[in-house]
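To start, the structure itself, in structure tokens.
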2 protein chains.
Amino acid sequence: MIKIFTEWERPLAACRLFAGVNGEELKVMLECLNPAVRSYRKDEYLSVQGDDLYGLGVLLEGEAMVVKENAAGERVIMAVLGAGDIFGETAAFSRAGKWPASVVAQGDCKAFFLPPHKITGNCQRQCPSHRRLITNMLRIVSDKALALNKKVEYLTIRSMRGKISAFLLEQYEKQGSATFILPLKRNEMAEFLNVARPSLSREMCRMRDEGIIDFHQSTIKIKDLEALKSMIE
Amino acid sequence: MIKIFTEWERPLAACRLFAGVNGEELKVMLECLNPAVRSYRKDEYLSVQGDDLYGLGVLLEGEAMVVKENAAGERVIMAVLGAGDIFGETAAFSRAGKWPASVVAQGDCKAFFLPPHKITGNCQRQCPSHRRLITNMLRIVSDKALALNKKVEYLTIRSMRGKISAFLLEQYEKQGSATFILPLKRNEMAEFLNVARPSLSREMCRMRDEGIIDFHQSTIKIKDLEALKSMIE
DNA sequence: GTCTCTTGGTAACCCCGGTTACCGCTTTAT
DNA sequence: ATAAAGCGGTAACCGGGGTTACCAAGAGAC
């Protein structure tokens with residue numbers, strides 16, 4: 001499968017699963033792993049929540065969204081994936097053999113899937129970096145768990161102001177400026193925070209009227225940082 | 001550290017970190033890992049949210065609670081630990097070097113901590129089972145992530161009836177009988193579901209009045225399973 | 001025994017935020 | 001260019017559930 005290596009060298013090099021593995025070794029390992037690349041169109045499902053999971057997913061091209069549907073049928077955005085990102089990593093190595101969430105293509109996508117035993121098992125050729133895969137996975141899954149922890153933090157905030165403030169503060173810290181672009185549209189942001197879209201609009205406008213923030217479309221400006229921080233309580 | 005092995009053989013054998021490692025090998029590995037055992041009294045903190053994390057925790061004796069405090073100061077119960085359970089596993093192998101939650105002793109406890117490099121690094125003695133530790137960790141952390149996913153599912157249910165129903169149904173499935181004992185007191189259950197305690201009482205009583213459930217203290221009986229299931233929506 | 005602490009049921013109040021519906025603006029398709 | 005779809009602000013309505021406060025029943029402690 002040298003084709004995979006040459007055609008998607010960049011996303012693979014960026015993939016955290018292969019972190020610390022140099023080009024030549026990566027080529028050897030890919031032959032060893034021998035994954036099958038599949039193509040998807042916009043809005044097509046790379047995986048469906050509840051379906052049997054036979055391997056860890058690696059996104060080579062395009063953008064996809066991890067979406068969780070709860071018992072009430074409400075959709076909650078879990079993550080947005082880009083080229084080189086992996087998905088299904090939590091379920092692949094645990095007891096449950098089902099997809100805990102769905103992955104939907106946001107545009108045309110290409111991806112491949114790796115059965116977990118290809119990562120944890122000893123490969124016949126004894127690739128020197130094979131062991132590296134396991135420790136990489138350990139780190140990836142740990143980070144994932146930590147991100148979920150963060151998600152729980154958001155969800156346990158009871159008031160909407162609190163959620164909005166926590167979200168804006170995180171974006172502010174991530175982007176480093178008091179004026180920044182929201183990475184999500186209103187309905188996506190509402191979905192992420194698990195609130196109703198009109199309620200979100202209403203509350204954000206109130207906060208604007210009170211002089212705490214200012215915004216225009218996706219451009220947002222924090223005017224009163226301290227007030228924002230105190231909102232979380 | 002043979003003392004550790006002989007004194008806590010049972011909890012260590014039950015510990016998922018050492019799953020698949022037989023007694024003799026375990027003894028050798030413990031000498032290699034050389035952990036320091038620490039004691040705690042009831043209500044003492046084994047770890048404090050936000051503090052620097054220097055290692056993965058292993059509970060040898062007693063019972064402890066993993067508690068997360070959000071920005072609003074509300075406490076949310078994340079898990080209850082028993083002898084042989086580990087904690088801090090998510091944070092230990094990720095980038096963040098801080099405890100994402102606190103661990104509080106529910107009674108007198110004993111525990112030890114293992115720096116992550118002792119698990120992922122090559123040990124000088126080349127213990128045959130050392131590699132096993134890493135794959136065990138991978139599975140443990142994956143399960144953890146999946147459990148957090150479950151937690152997120154609870155939290156994304158908007159109505160209180162839905163939360164109560166989901167919780168009772170899970171207990172019902174776990175305990176296998178329509179009549180069972182709730183593992184949490186009312187205030188703990190309220191904390192777990194992230195709702196106010198009086199509101200929980202009120203709603204449970206309504207459900208009783210409607211003939212869906214019946215209860216007395218911690219003993220609860222599901223009278224109308226179908227009705228309960230339909231509540232989640 | 002009585003005192004105190006914990007646990008859990010109850011009721012009144014009222015606010016936050018979900019629901020619905022509508023409208024104007026922007027983007028994309030044909 | 002015009003239609004169609006998506007996005008986001010606004011307003012009225014009202015109910016779920018948070019808050020507070022009080023009380024009753026157990027559970028230890030002494």
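Letters A, B, ... are given to chains in the order of the sequence lines, protein chains preceding strands, and every chain is numbered from 1.
Not counting sequence neighbours, A:R186 has no partner by the side-chain hydrogen bond (donor to acceptor under 3.5 Å, both in side chains) test. With sequence neighbours left out, B:Y54 forms a ring pair (Phe, Tyr, Trp, His ring centres under 6.0 Å) with B:F113. For B:K98, the side-chain hydrogen bond (donor to acceptor under 3.5 Å, both in side chains) test picks out B:D52, with sequence neighbours left out. Residues passing the salt bridge (Lys or Arg N to Asp or Glu O under 4.0 Å) test with A:K144, sequence neighbours excluded: A:E89. Taking the side chain to side chain contact (heavy atoms under 4.5 Å, CB included) definition, one finds that A:P116 meets it with A:F93, sequence neighbours left out. For the side chain to side chain contact (heavy atoms under 4.5 Å, CB included) test, residues two or more places apart in sequence or in another chain that qualify with A:S39 are A:K110. By the salt bridge (Lys or Arg N to Asp or Glu O under 4.0 Å) test, A:R16 pairs with A:D143, sequence neighbours left out.
Residue pairs satisfying the ring-ring contact (aromatic ring centres under 6.0 Å, His included) criterion with at least one member in residues 160-183 of chain B, sequence neighbours excluded, are listed as follows: B:F167-B:F192.
Taking atom CZ on B:R208 and atom C1' on C:dG9, their separation rounds to 8 Å, with Å as the unit. Summarising the geometry, the separation between CD on A:E191 and P on D:dC7 is reported as 11 Å, rounded to the nearest angstrom. Distance, A:L193 CG to C:dG18 C1': 15 Å, rounded to whole Å. The distance from atom CD1 of A:I164 to atom P of C:dC16 is 13 Å, rounded to the nearest whole Å.
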Tabulate atom names and distances for all N/O pairs under 3.5 angstrom spanning the protein and nucleotides 15-17 of chain D.
from, atom 1, to, atom 2, distance (Å)
D:dG17, OP1, B:M160, N, 2.5
D:dG17, N7, B:R202, NH1, 3.1

Nucleotide-resolved protein contact map, nucleotides 21-30 of chain D, B/S/- at heavy-atom distance under 4.0 Å: ----------

Side-chain donor-acceptor distances from residues 100-109 of chain B under 3.5 Å, at least two apart:
from, atom 1, to, atom 2, distance (Å)
B:S102, OG, B:Q49, N, 2.8
B:D108, OD1, B:K42, N, 3.3

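Two end axes, each from the C1' atoms of five base pairs, can be drawn for the helix from C:dG1-D:dC30 to C:dT30-D:dA1; they diverge by 50°, to 10 degrees.
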